[in-house]
Amino acid sequence: MDNWLKICIVVVFAVATTGNEEATPAKLLFSKQILNKYLVEGMDIVIKYSLFNIGGTAALDVQVADNTFGPQDFEVVGGQLKVTIDRIPPGSNATHVVVIRPAKYGYFNFTAAEVSYLPSEDAAEAIVGLSSEPGQGAIVPFIEYDRKFSPHLLDWLSFAVMSMPSLVLPYALWYSSKTKYEAIMTQKKDK
């Protein structure tokens, strides 16, 4: 009986202490990733923005802005560089994808994107944060990329045409001598 009383007191104490916790405000982890293996002039580059809410309440009025890609250097093919997400519930994530196309080649510094959000419903001031930074990347000229990765069909066709005489001429000589030999053999058998 004494043990049951101790167990009941421990259970009541545990339930009472767990119910007094306040919800922690929203806290976002923000990452920016370039998904392409090769960055090529004039070809699409896919950029993924990931937001993770590790707080205890929903993040409200989440605004993502990426000012890295100027219109003189890049063309936005799909998605938007400035996005607003109404809310991100606690313990969940949101992703956004943008497809851009570089107008010129060279080294480019991919800097961090910016996020601002309200950490709770009664918060008056927005929290501003930065994403992870992919760093510097080399955008390769299309001609160089094409030289390395194209199937080179015209090159293989010209190789086949140029190597044809060295294959056809010996075959023709062999075939003519074979037919002459067979003709001689059939004449000898007929006699």
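The first residue in the sequence is number 1, and the count goes up from there.
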| request: Find out if a path of hydrophobic residues (ILVMFWY) with successive side-chain heavy-atom gaps under 4.5 Å connects Val140 to Phe110. | output: no
| task | Could you pull out the closest heavy-atom pair between Asn53 and Ala59, with the gap in Å? | result | ND2-N, 3.5 Å
| Around atom CZ of Phe108, are there more than 12 heavy atoms of other residues, nucleotides or ligands at under 6.0 Å? | yes
| field | Hydrophobic cluster identity match, Val40 and Phe69, side-chain contacts under 4.5 Å | value | no
| remark: Separation between CD1 (Ile45) and CG (Leu39), nearest 0.5 Å, reads 4.5 Å
Only pairs under 3.5 Å count here: list side-chain donor-acceptor contacts from residues 81-97, not counting sequence neighbours, and write none if there are none.
residue	atom	partner	partner atom	Å
Ser92	OG	Pro89	O	2.7
His96	NE2	Gln80	O	2.9

| note | Here the gap from Leu118 atom CG to Thr57 atom OG1, rounded to the nearest 0.5 Å, amounts to 10.5 Å
| query | Are Ile34 and Tyr105 connected in a single hydrophobic cluster, I mean Ile/Leu/Val/Met/Phe/Trp/Tyr linked by side-chain heavy atoms less than 4.5 Å apart? | reply | yes
| task | With the side chain counted from C-beta on, respond yes when Asp66 and Val98 share a heavy-atom pair under 4.5 Å apart, and no when they do not. | result | no
| Residues that Asp73 engages under side chain to side chain donor-acceptor pair (under 3.5 Å), provided they are two or more places apart | Lys104
| Rounded distance [0.5 Å steps], CZ in Phe149 versus CD in Glu144 | 9.5 Å
| field | Set of side chain to side chain contact (heavy atoms under 4.5 Å, CB included) partners for Tyr181, sequence neighbours left out | value | Met185
| message | Does Ile143 have more than 12 heavy atoms from other residues, nucleotides or ligands lying within 6.0 Å of its CD1? | response | no
| query | Mind checking whether Phe30 and Val64 have side chains closer than 4.5 Å, heavy atoms only? | reply | yes
| How does the hydrophobic cluster around Tyr107 look, that is, which other residues are in it when side-chain heavy atoms under 4.5 Å mark a link? | none
| said: Quick check for you: to the nearest 0.5 Å, what is the distance between Glu75 atom CD and Ile100 atom CD1? | reply: 10.5 Å
Enumerate, atom names and distances included, each donor-acceptor pair closer than 3.5 Å involving a side-chain atom of residues 121-139, sequence neighbours excluded.
residue	atom	partner	partner atom	Å
Asp122	OD1	Ser120	OG	2.7
Ser131	OG	Ala113	N	2.8
Ser132	OG	Lys32	N	3.1

| remark: Rounded to the nearest 0.5 angstrom, the CE-OH distance for Met43 and Tyr38 is 11.5 Å
| field | Straight-line distance of Phe52 CZ to Leu28 CG, nearest 0.5 Å | value | 10.5 Å
| Do Asn109 side-chain atoms and Thr111 backbone N/O form a donor-acceptor pair below 3.5 Å? | no
Report, one line per pair, each donor and acceptor closer than 3.5 Å where one atom sits in a side chain of residues 154-166; sequence neighbours left out.
residue	atom	partner	partner atom	Å
Asp155	OD2	His152	ND1	3.2
Ser158	OG	Leu154	O	3.3
Ser158	OG	Asp155	O	2.8
Ser163	OG	Phe159	O	2.9
Ser163	OG	Ala160	O	3.3
Ser166	OG	Ser163	O	2.8

